[in-house]
Amino acid sequence: MQDNVVVLTFAEESKAYQALSELKAAATQTRLKLVNAVVIDRDAGGFRARDGFSDGAPADGPLVGTLLGSLIGIFGGPLGVLLGGASGALVGTVVSGGRLEDRTSLIDQMLSAVPPGATAVVATVGEFAEEVIDGLVASLDGVVLRRPAAAVMAEVDALRDAEEAAAKEARRVLREKRKDEWSAKYESWKDEIQDQWTALKQKLKG
């Protein structure tokens, strides 16, 4: 069995929900293992999670702390905005596999696989044979993007590390900027806030 993250993209919202229902049915028939899944859509403002499934339970909550939960968080967060910014040319189109292969980041590929106006099912699955999901999606006129779950997890971890490093660098730059341009002011501001807190504490004691 191969553990994968799949993105199943459809032009029609109803077909995404039908795909989720058929994924559940395939899991019940043991044709695949469905760990969790979520229906997302995308408009000009970004991504939105709609309905979901997690080992037989609603997706609200159980996805927290999972690979899929982290991935959806990235889609909707500032990193997703930055990564997805390169995808403007894909608006209103069905993304072809060839174009996606040119993108080196797996998460960027996944973001690009859901152009604005589309609805998708993003799922963590165990597959005995890719034909099960491929056939399901083809019957609904959708597009499949499939990547190994371990590779996606490694990239999610790398993005978290990059986000922390970027935050540290931003704080360092702010400190340097403060030293160069506002060092004298910062000292007076520190004294000012200390005086204010001291006065407030005295009032509270009285």
Side-chain angles (χ1 to χ4, degrees), residues 1-43 45-77 80 83-84 87 90 93-97 100 106-157 159:
M1 180 185 291
Q2 174 66 45
D3 294 326
N4 294 317
V5 175
V6 293
V7 182
L8 318 177
T9 307
F10 305 91
E12 299 175 37
E13 180 181 308
S14 62
K15 290 187 176 181
Y17 283 97
Q18 185 176 345
L20 177 59
S21 178
E22 293 191 20
L23 280 177
K24 294 177 185 178
T28 300
Q29 298 161 7
T30 67
R31 298 168 65 204
L32 57 81
K33 179 182 179 182
L34 181 58
V35 179
N36 45 34
V38 63
V39 176
I40 64 171
D41 61 20
R42 184 179 186 182
D43 58 21
F47 291 90
R48 178 177 55 176
R50 305 291 293 273
D51 191 14
F53 167 94
S54 181
D55 289 337
D60 302 340
L63 288 181
V64 176
T66 66
L67 169 57
L68 187 57
S70 297
L71 197 57
I72 297 305
I74 289 171
F75 279 19
L83 289 169
S87 307
L90 303 176
T93 66
V94 175
V95 184
S96 70
L100 288 174
L106 300 185
I107 292 175
D108 189 27
Q109 292 169 21
M110 291 178 181
L111 288 163
S112 300
V114 190
T119 307
V121 179
V122 185
T124 308
V125 297
E127 295 186 274
F128 301 106
E130 294 182 357
E131 289 81 1
V132 175
I133 289 179
D134 289 351
L136 182 161
V137 175
S139 70
L140 296 171
D141 296 320
V143 178
V144 181
L145 183 144
R146 175 186 287 104
R147 295 294 180 265
V152 176
M153 187 72 253
E155 191 161 298
V156 167
D157 289 340
L159 278 175

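- In this structure, the separation between CD on Gln109 and CD on Glu155 is 8.0 Å, given to the nearest 0.5 Å.
- Of the inter-residue distances, the one linking Leu20 atom CG with Thr119 atom OG1 reads 12.5 Å to the nearest 0.5 angstrom.
- Closest heavy-atom contact between Glu127 and Ile133: OE2-CD1, 3.4 Å.
- Taking both residues in full, the closest heavy atoms of Leu145 and Ala113 are given as CD1-CB, 4.1 Å, listed atom of the first, atom of the second, then distance.
- Here the options are Arg31, Gln29, Glu22, the test is side-chain contact (heavy atoms from CB on, under 4.5 Å), and the partner is Val132; only Arg31 passes.
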Derivation and outcome, side-chain contact (heavy atoms from CB on, under 4.5 Å), residues Met110 and Val122: CA-CA 9 Å; Met110 291 178 181; Val122 185; 5.7 Å; no
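- Of the listed residues (Val6, Val121, Val137, Thr28), just one forms a side-chain contact (heavy atoms from CB on, under 4.5 Å) with Leu23, and that residue is Val121.
- Here the shortest heavy-atom pairing between Val114 and Ala120 reads CG2-CB, 3.8 Å.
- Rounded to the nearest 0.5 angstrom, Arg146 CZ and Glu130 CD are separated by 4.0 Å.
- Considering only heavy atoms from C-beta on, Val38 comes within 4.5 Å of Ile40 through its side chain.
- Here Thr124 contributes atom OG1 and Lys33 contributes atom NZ; the two are 10.5 Å apart, rounded to the nearest 0.5 Å.
- With rounding to the nearest 0.5 Å, the separation of CG in Asp134 from CG in Leu8 is 9.5 Å.
- A pairwise comparison of heavy atoms in Ala16 and Phe10 identifies CA-CD1, 3.6 Å as the closest pair.
- In terms of heavy atoms, Pro148 sits closest to Gln2 at CB-NE2, 4.0 Å.
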